[in-house]
Amino acid sequence: MKLFKKILIANRGEIAIRIIRACRELGIRTVAVYSEIDRETMHVRLADEAVCIGPASSQQSYLHTPAILSAAEITDAEAIHPGYGFLSENPQFAEACTKSGITFIGPRPENIRLGGDKAKARQILKKKGVPVVPGSDGVVKDVEMALKVSRKTGFPVMLKAATGGGGKGMRIVESGDELERAFNTAQREALTAFGSADLYIEKYIPEMRHVEVQIMADSKGNVVHLGERDCSIQRRHQKLIEESPSPGIDAKLRKRIGELAIKAAKALRYRNVGTLEFIVDLEGNIYFMEINTRIQVEHPVTEAVTGIDLIKEQIKLSAGNPLEYRQSKIRLTGHAIECRINAEDPVSFLPSPGTMTFLYLPGGPGVRVDTAAFCGWKVPTNYDSLVAKLIVHGKDRGEALQRMRRALDEFVIEGIQTTIPFHRRVLSSEEFQRGEYTTRFVERLNAGA
Ligand code: MV4
C-alpha cells in the first residue's frame, strides 16, 4: 500500500494524540507542532518530533499557515493532518499545502469551499434530488426577497448565515412584522463573525433530531456510509453527547438516510472522509442541512460500532489508495455513546481554567477515553475547553447506558470544574433513557434543575 513516511499534525490536544496513534500503527513518523503555552503537553511528548510554531494565541500558532508549512518543510513531512477546528476547513490552507508539495489529508479544496457555503450546498443538492428544508434557493439578497420567500415557505422561518456556523447569524422569525429587524441584525452578526453578510432562509422546525451520516469516498468516486450519529444533545450549538445508532431512527429511515448521504457525496464528487448533517423531524421527514469536510470530534462512536479506524482510513485514502470496504462489508454492531467532558462549570457552562491536581481515567470493558490531560496539566484558556471524550460501547443501548453511568462514576478530575455532573444528570433522565429526546432536551433539562 502507498503511504507517507512522515506526517505533520497541525493541531493539539486529544485529536493530535488520536492522529499520532493512527500513524504509529501505520508505521508513519509524526511531527507535532505546538504554541509556546503548549510546550509541556502530551501531544508534544508522544510525537516523534515537535516544532514550536509561535505564541499562545491561535492566530499566531495553530492558525498561522506560514509557520506550519515551514515546520513541515524543515522536518520533511510529506503530508499534513489538520484534525478538527483550526485550519481543517480552510480551502486556502489545503491549496497552500498542495502548492508546497505537501498532501493535505482531507477532501478536495472545492469540497471544503462548498462545505463553507451552506446556501450553495443546499441549492446544489436540492437540484440533484436530495431533500432540503423548504426555503430559499441560495442566498436572499434583501428584505423584500426575504419576505417573499418567507411568505411562500410559511412562518416561522429561520435566517441562517450562508458561511456561518455555531448559531451565529441565526434568527427565528415568527411573522412578517419581525422580518426586517431580524434580517438586519442577522446580516450584521454574520458580517462580523464570518466576513460575509449573506443569509439564506429555511422553514423553522421546532422539534427535531440532528442526525449525521459518516461517509468515506476514494479518488475513483466510490462512496460508502458508516451509519449515523445522533447529535441532538446540544447547548448553544455545542454538542455535548453523541450516539450511534440514533435511537430515533428505525431500520427503514436508517437505510434511507444512508442512501441520501451517498447520493449527496456522489453529487458533490466528494473525496476522503466526511459527514452529511440532516434534520429528522417528528414525522420522520429527512432534510439535508450541511456537509462537514473534516474528521469530527464525535468520530469515535462510529469507530466503536463499525470497528473501522477513521483516521487510518483518512490517511490511506489521502495517499491515493482505493476504499477497502464495500457497503455490504460494513456492519454496525451494538451501541456507542460519547460524552464530551469540558473544563466548564456544569450548570452555567462558564469556562473553568486551572491546574488539574488529580486525574483518574475510567476503563474496563467497552470504555475508551480520548484525552491529552494529565495530572499537573494547566488547562489553558486560549483554546476550546474539551478536556476528554468518554466513549462507551455496549451490545445494545441499555448496556451502553449502564456502562456510561459506571464510567462517569469512576472518572475523577480535581483542580478544575468539569461537565461530568451534567452528564450524570442527562444519563439519569427518563427522557434520555427512553431515547425519545429532541434538540430541545437540554433547555428542558436545565429548566427542571
Ligand atoms: C434549524 C433548526 C430548526 N429549523 N434549522 C442549525 C445549526 C445548529 N447548530 C442549530 N441548528 C438548527 N437549525 C431549521 N430549519 C434548529 C436548530 C437548532 C438545533 C439543531 C440541532 C441541535 C440543537 C439545536 C438547538 C437549537 C436550534
Side-chain angles (χ1 to χ4, degrees), residues 84-85 89 115-119 121-123 125-126 130-140 146 149-150 152-174 179 182-183 186 189-190 193-194 198-213 228-244 246-249 257 275-294 296-298 338 340 349 384 422 426 431-432 435-447:
Y84 53 71
E89 289 167 293
D117 190 343
K118 282 135 214 229
R122 209 179 111 78
Q123 195 174 15
L125 288 177
K126 184 182 170 188
V130 177
V132 301
V133 188
S136 66
D137 232 359
V139 171
V140 280
V149 173
S150 302
K152 188 158 167 254
T153 306
F155 287 97
V157 296
M158 208 161 190
L159 306 177
K160 292 186 177 186
T163 57
K168 287 206 193 86
M170 232 165 73
R171 281 286 180 291
I172 301 165
V173 185
E174 301 285 349
L179 190 67
F183 191 86
E189 221 173 279
F194 316 112
D198 286 351
L199 301 179
Y200 65 104
I201 292 178
E202 283 181 358
K203 172 121 189 104
Y204 176 62
I205 299 167
E207 290 266 350
M208 58 175 226
R209 303 184 77 112
H210 169 130
V211 180
E212 58 184 34
V213 181
E228 81 284 1
R229 297 184 285 258
D230 195 311
C231 306
S232 304
I233 308 286
Q234 303 187 9
R235 186 185 171 276
R236 302 210 173 148
H237 310 296
Q238 295 297 316
K239 292 171 187 167
L240 300 172
I241 299 179
E242 305 94 350
E243 61 178 309
S244 184
S246 166
I249 284 203
I257 202 168
T275 300
L276 283 299
E277 287 187 0
F278 295 92
I279 286 176
V280 179
D281 72 12
L282 297 180
E283 283 97 64
N285 297 304
I286 303 169
Y287 306 105
F288 164 82
M289 187 158 57
E290 290 177 20
I291 179 162
N292 294 323
T293 60
R294 59 176 189 279
Q296 290 188 266
V297 175
E298 60 271 27
E338 170 177 277
R340 297 191 188 188
F349 292 89
D384 82 15
F422 167 84
V426 175
E431 190 182 346
F432 186 77
E436 285 161 8
Y437 60 85
T438 70
T439 48
R440 306 212 90 142
F441 176 80
V442 177
E443 63 184 272
R444 278 199 282 262
L445 186 81
N446 285 339

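Computed from a predicted structure; not experimentally measured. Any value given below was found using the heavy atoms of this structure, including those in side chains, with hydrogens, waters and symmetry copies removed. Remember, it's 1-based here, ligands and their atoms both numbered in the order they're listed. The residues of the chain are indexed from 1 along the displayed sequence.
The residues Arg171 and Glu189 are annotated as salt-bridged, a charged nitrogen and a carboxylate oxygen being separated by less than 4.0 angstrom. With respect to the salt-bridge test (charged N to carboxylate O, under 4.0 angstrom), the residues Lys160 and Glu290 do not qualify. Taking 4.0 Å as the cut-off between side-chain N and carboxylate O, Arg444 and Glu436 do not count as a salt-bridged pair.
Nearest heavy atoms, Gly135 versus Val149: C-CG1, 3.9 Å. Closest of all the heavy-atom pairs between Thr293 and Gly115 is CG2-CA, 4.3 Å.
Remark: Arg209 is positioned above the aromatic ring of Tyr437, its terminal NZ or CZ atom under 6.0 angstrom from the ring centre and at most 45 degrees off the axis.
Interface atoms of ligand 1 facing Glu202, defined by a heavy-atom separation under 4.0 Å, are 5 (N), 14 (C), 15 (N). Per-residue contacts place Lys203 under 4.0 angstrom from the following atoms of ligand 1 (heavy atoms of the residue considered): 4 (N), 14 (C), 15 (N). Near His237, the atoms of ligand 1 lying under 4.0 angstrom from a non-hydrogen atom of the residue are 8 (C), 9 (N), 10 (C), 26 (C), 27 (C). Shown in contact with Tyr204 at under 4.0 Å from a heavy atom are these atoms of ligand 1, numbered in order with element: 3 (C), 4 (N).
The shortest N/O to N/O separation between His210 and ligand 1 does not fall below 3.5 Å. Backbone and side-chain nitrogen or oxygen atoms of Lys160 are examined, and one is located within less than 3.5 angstrom of a nitrogen or oxygen of ligand 1. Looking at ligand 1, you won't find any N or O of Gly167 less than 3.5 Å from one of its N or O atoms.
The option with the heavy atom closest to atom 20 (C) of ligand 1, from among Arg440, Gln234, Glu290, Met208, is Met208. Between atom 1 (C) of ligand 1 and the options Arg236, Gln238, Arg209, Met158, the minimum heavy-atom separation is to Met158. The option from Glu207, Met170, Glu277 that lies nearest to atom 11 (N) of ligand 1, judged by heavy atoms, is Met170.
Residue, atom and distance of the protein heavy atom nearest to atom 3 (C) of ligand 1 are Ile205 O, 3.1 Å. Of all protein heavy atoms, the one closest to atom 21 (C) of ligand 1 is Thr439 CG2, 3.2 Å.
Not a single heavy atom of Ile172 sits less than 4.0 Å from an atom of ligand 1.
Checked by atom type, the side-chain pair Thr275/Glu212 shows no donor-acceptor distance below 3.5 Å. Looking only at atom types and distance, the side chain of Glu207 has a donor-acceptor partner in the side chain of Thr438 under 3.5 Å away. The closest side-chain donor-acceptor pair between Arg229 and Gln296 falls under 3.5 angstrom.
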